[in-house]
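On a predicted model such as this, the values are computed, not experimentally measured, just so you know. Note: hydrogens, waters and symmetry copies are ignored here, and every other heavy atom, side chains too, is used.
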Amino acid sequence: MSDHLPPCPSCSSEYTYEMNALMVCPECGHEWMPAADGAAEPAGPGERVIRDAVGNVLSDGDTVTVVKALKVKGSVSGIKAGTKVRNIRLVDGVDGHDIDCRIEGFGAMQLKSSVVKKA
């Protein structure tokens, strides 16, 4: 290989490889979006950037898809993987719950950005 790939930010392994737009570590399974050299983040200084499970930047009003089944307190059935959530709001939530949304059949709820991907 002629180009040098960055080491894994999670375990520092040097055996990373590219898979479509993602970088993948075969040792720990970590996937991330490589940072483009000289590319500016969409947020200004002091502004927080919230990313989904794949690394896409989320913003208010986006539609996201739940990537893994979630248990919901007080509900017999939880939220299934593949459930679409429309019109999210980004908030400073408790315990990493940084998405405020309304899920059909469940009502108002907060989700973690690590369990959704941008649709």
When every non-hydrogen atom of Glu18 is compared with those of Leu5, the smallest separation belongs to OE1-CD2, 3.8 Å
Discussion item. For Arg51, is there any backbone N or O sitting under 3.5 Å from a side-chain donor or acceptor partner on Ser113?
Written reply: yes
Here the salt bridge (Lys or Arg N to Asp or Glu O under 4.0 Å) pairs for residues 82-99, sequence neighbours left out, are Arg48-Asp92, Arg89-Asp100
Checklist entry - Do Asn87 and Cys101 pass the side chain to side chain contact (heavy atoms under 4.5 Å, CB included) test, and can you show the C-alpha distance, the side-chain angles, and the key distance before you say yes or no? => result CA-CA 7 Å; Asn87 199 18; Cys101 61; over 6 Å; no
| request: Could you tell me whether the side chain of Thr16 and the main chain of Pro6 form a donor-acceptor pair under 3.5 Å? | output: yes
message = Using a 3.5 Å distance criterion without hydrogens, assess whether the side chain of Asp60 forms a donor-acceptor pair with backbone atoms of Leu90.
response = yes
The single option from Val91, Ile88, Val115 that satisfies side-chain contact (heavy atoms from CB on, under 4.5 Å) with Ile99 is Ile88
Separation between CD (Glu104) and CZ (Arg102), nearest 0.5 Å, reads 8.5 Å
With a 4.5 Å cut-off on side-chain heavy atoms, are Ser10 and Cys25 touching? no
Residue Lys118 excluded, over 12 heavy atoms near NZ under 6.0 Å | yes
By side-chain hydrogen bond (donor to acceptor under 3.5 Å, both in side chains), Glu31 pairs with (sequence neighbours left out) none
Taken in chain and number order and not counting sequence neighbours, the residues that satisfy ring-ring contact (aromatic ring centres under 6.0 Å, His included) with His30 are Trp32
Practice task
Let me see the working for Val85 and Val116 under side chain to side chain contact (heavy atoms under 4.5 Å, CB included), right down to the final yes or no.
Solution key: CA-CA 9 Å; Val85 182; Val116 300; 5.9 Å; no
Check whether any side-chain heavy atom of Val54 lies under 4.5 Å from a side-chain heavy atom of Leu22, and answer yes or no.
-> yes
Check: residues 62-72 side-chain donor-acceptor pairs under 3.5 Å, at least two apart:
unit_1, atom_1, unit_2, atom_2, d
Asp62, OD1, Ser59, OG, 3.4
Asp62, OD2, Ser59, N, 2.8
Asp62, OD2, Ser59, OG, 3.3

dist Glu14:CD -> Cys8:SG (nearest 0.5 Å) comes out at 12.0 Å
Exercise. Answer whether the closest heavy-atom distance between the side chains of Asn56 and Lys117 falls below 4.5 Å.
Key: no
- Task: Dump the intermediate steps for side chain to side chain contact (heavy atoms under 4.5 Å, CB included) on Tyr15 and Glu27, then the final yes or no.
- Result: CA-CA 8 Å; Tyr15 301 111; Glu27 292 185 7; 3.1 Å; yes
